[in-house]
2 protein chains.
Amino acid sequence: MSKLTKSSSVAPPSVPATARSYHHGDLRSELLDAAARLLREEGEAGLSMRRLAQELGVSRTAPYHHFADKHSLLCGVAEEGFRRFRRVLSESELGLHGVLREDSLRDFSRRYVDFAVNNAEYYDLMFGGKLWKSQALTESLKTEAYRAFREYLGYIRGYQQQGQISSEVAPLRFAQLSWSTLHGISRLLIDGIYLESEVVEEMCRTAAEMFARQARL
Amino acid sequence: MSKLTKSSSVAPPSVPATARSYHHGDLRSELLDAAARLLREEGEAGLSMRRLAQELGVSRTAPYHHFADKHSLLCGVAEEGFRRFRRVLSESELGLHGVLREDSLRDFSRRYVDFAVNNAEYYDLMFGGKLWKSQALTESLKTEAYRAFREYLGYIRGYQQQGQISSEVAPLRFAQLSWSTLHGISRLLIDGIYLESEVVEEMCRTAAEMFARQARL
DNA sequence: GCGCAATGTAGACAGTGTCAAGATGCTCTG
DNA sequence: CAGAGCATCTTGACACTGTCTACATTGCGC
């Protein structure tokens with residue numbers, strides 16, 4: 001019984017006053033939120049299944065009734081990340097399908113990189129080897145993950161059909177290449193390699209310029 | 001004494017016949033090699049300090065006389081990776097400082113991505129958040145890491161001074177942007193995201209084309 | 001109201017990184 | 001050649017991890 005350390009935490013995580021009576025109520029989604037929070041605040045090393053359970057005031061093994069294992073839990077977090085990611089990207093000018101201007105590419109690039117940098121705890125899982133290399137992505141995660149890229153590819157195809165992108169450009173290749181660039185910028189920024197966060201703006205501008213030239217706008 | 005499992009390994013790792021007598025002889029470098037091998041064969045999860053020690057037939061804590069902790073060991077592996085990386089890149093046509101052609105950029109890109117894909121166990125450490133985020137890179141690793149990029153930047157500056165790259169291009173920005181692209185391609189390939197290894201060649205070709213246009217060759 | 005499925009719990013096991021204390025043997029100085 | 005000093009290696013211990021098994025409690029549908 002010595003583990004009710006929850007009462008010692010400064011701000012109890014929004015439990016509705018009725019303290020809790022054996023059954024938690026909404027453990028699954030609270031696990032996902034707490035996991036993301038721990039990752040953000042303390043990095044990968046700060047997240048353990050046991051710690052997570054303790055933080056939410058349940059026993060060590062309770063989370064296993066909602067996620068088969070740690071891997072599944074992380075897939076769940078990544079999935080939530082993709083939902084937020086798609087929402088951000090879909091608000092981009094790029095989806096408007098009018099005239100394709102360099103500004104639109106810049107806006108998209110900026111949104112992409114900003115999301116990655118400001119939601120690194122999600123981005124790391126969404127586009128990191130940790131989950132993908134395991135070759136065991138949740139089916140729902142796979143769906144969500146590919147949808148993001150497919151939507152982007154759809155934009156490119158749309159613009160090409162409207163004659164806004166040279167017909168000599170292979171849409172898939174163009175999409176992969178520009179996505180790679182944005183991914184590379186994001187990764188270097190997040191990990192603090194060769195790039196400082198002060199240059200985000202300029203990197204995105206130059207990247208968009210490069211994309212535009214490649215598309216022969 | 002039951003831990004001399006080394007004799008049970010199929011191919012003893014090139015020990016000079018004189019089996020070993022308390023002192024190992026060259027543990028440090030064997031640790032680095034074995035660590036890279038384990039990472040390659042079994043991934044990050046397959047590498048533990050204890051496993052490493054057992055594999056080399058020494059006690060669990062012996063490695064700690066050569067590396068302060070696991071982190072330092074990994075820094076050592078990454079450093080070796082950078083040495084190999086620089087060697088590969090320096091053989092590129094890009095270093096020749098004659099006329100800059102798209103072919104040179106393609107050759108460089110190809111070498112970069114090929115190294116990353118075929119030496120993923122090194123690349124992951126060299127350019128992964130695992131070490132960089134810790135903010136505690138070994139001094140010698142930092143040196144080696146920045147040297148790689150500085151050499152590349154040097155190539156770009158050299159070509160610009162020879163009038164091979166438009167003076168409107170900021171060399172640092174161009175270097176960062178193209179490096180980001182190559183990094184992004186490599187990461188997506190290694191992690192198996194959106195890119196299949198069959199398209200390596202074409203991605204590199206298209207990337208070089210894009211770089212060349214940006215440089216206004 | 002009852003039974004079952006969902007959800008919670010404690011106990012145990014093998015594995016991890018790493019610290020502290022002690023054993024061994026190479027090397028160099030006297 | 002003796003022996004001191006030091007690098008190296010060893011065993012023991014600790015706190016932590018993910019996850020398995022077995023058991024307890026509860027809410028919901030009949």
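Keep in mind that this is a model prediction, so the values were computed, not measured. Chain identifiers are assigned alphabetically (A, B, ...) following the order of the sequence lines, protein sequences preceding nucleic acid strands; residue numbering begins at 1 within each chain. All values below come from the heavy atoms of this structure, side chains included, with hydrogens, waters and symmetry mates left out.
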Review point. Does the side chain of B:E79 come under 3.5 Å of the side chain of B:S140 through a donor N or O and an acceptor N or O?
Key: yes
Point to revise | For atom CG of B:L27 and atom P of C:dC26, their distance in whole Å | key: 16 Å
**Study point:** Gap between atoms CG and P, on A:D26 and D:dG27 respectively (whole Å)
**Key:** 16 Å
Exercise for review: Indicate whether the side chain of B:R173 and that of B:Q176 have a donor and an acceptor atom separated by less than 3.5 Å.
Suggested key: yes
Exercise for review: Starting at atom CZ of B:F67, determine the distance to atom P of D:dC9, rounded to an integer number of angstrom.
Suggested key: 12 Å
Check your understanding: Can you tell me how far C1' of C:dG15 sits from CD of B:E44, to the nearest Å?
Key -> 16 Å
Exercise for review: Verify whether one side chain among B:S178 and B:Y152 offers a donor that lies under 3.5 Å from an acceptor in the other.
Suggested key: yes
Practice item. Figure out the CG/P separation between B:L52 and C:dT18, and round it to whole Å. Key: 13 Å
Nucleotide N/O of nucleotides 13-17 of chain D paired with protein N/O under 3.5 Å:
from	atom 1	to	atom 2	distance (Å)
D:dA13	N6	B:R60	NH1	3.1
D:dT17	OP1	A:S48	OG	2.9

Exercise for review: Indicate, yes or no, whether a donor-acceptor pair under 3.5 Å links the base of D:dT11 to the side chain of B:T61.
Suggested key: yes
Point to revise | Parallel, tilted or perpendicular, as decided by the 30° and 60° cut-offs, for the rings of B:Y112 and B:F85 | key: perpendicular
Practice item. Could you check how far CD of B:Q54 sits from C1' of C:dT16, rounded to whole Å? Key: 13 Å
Could you pull out every donor-acceptor pair under 3.5 Å between side chains of residues 61-69 of chain A and any protein atom, sequence neighbours left out?
from	atom 1	to	atom 2	distance (Å)
A:D69	OD1	A:H71	N	3.4
A:D69	OD1	A:S72	N	3.0
A:D69	OD1	A:S72	OG	2.9

Practice item. Quickly work out the A:H65 NE2 to C:dT7 P distance and round it to whole Å. Key: 9 Å
Practice item. Would you please confirm or rule out a distance under 4.0 Å between OP1 or OP2 of C:dA6 and any side-chain N or O of A:H66? Key: no
Exercise for review: Answer with yes or no after comparing the ring centroid distance for B:F82 and B:Y122 against a 6.0 Å cut-off, counting only values under it.
Suggested key: no
Check your understanding: CG of A:L56 versus C1' of C:dG8: gap in Å, rounded?
Key -> 14 Å
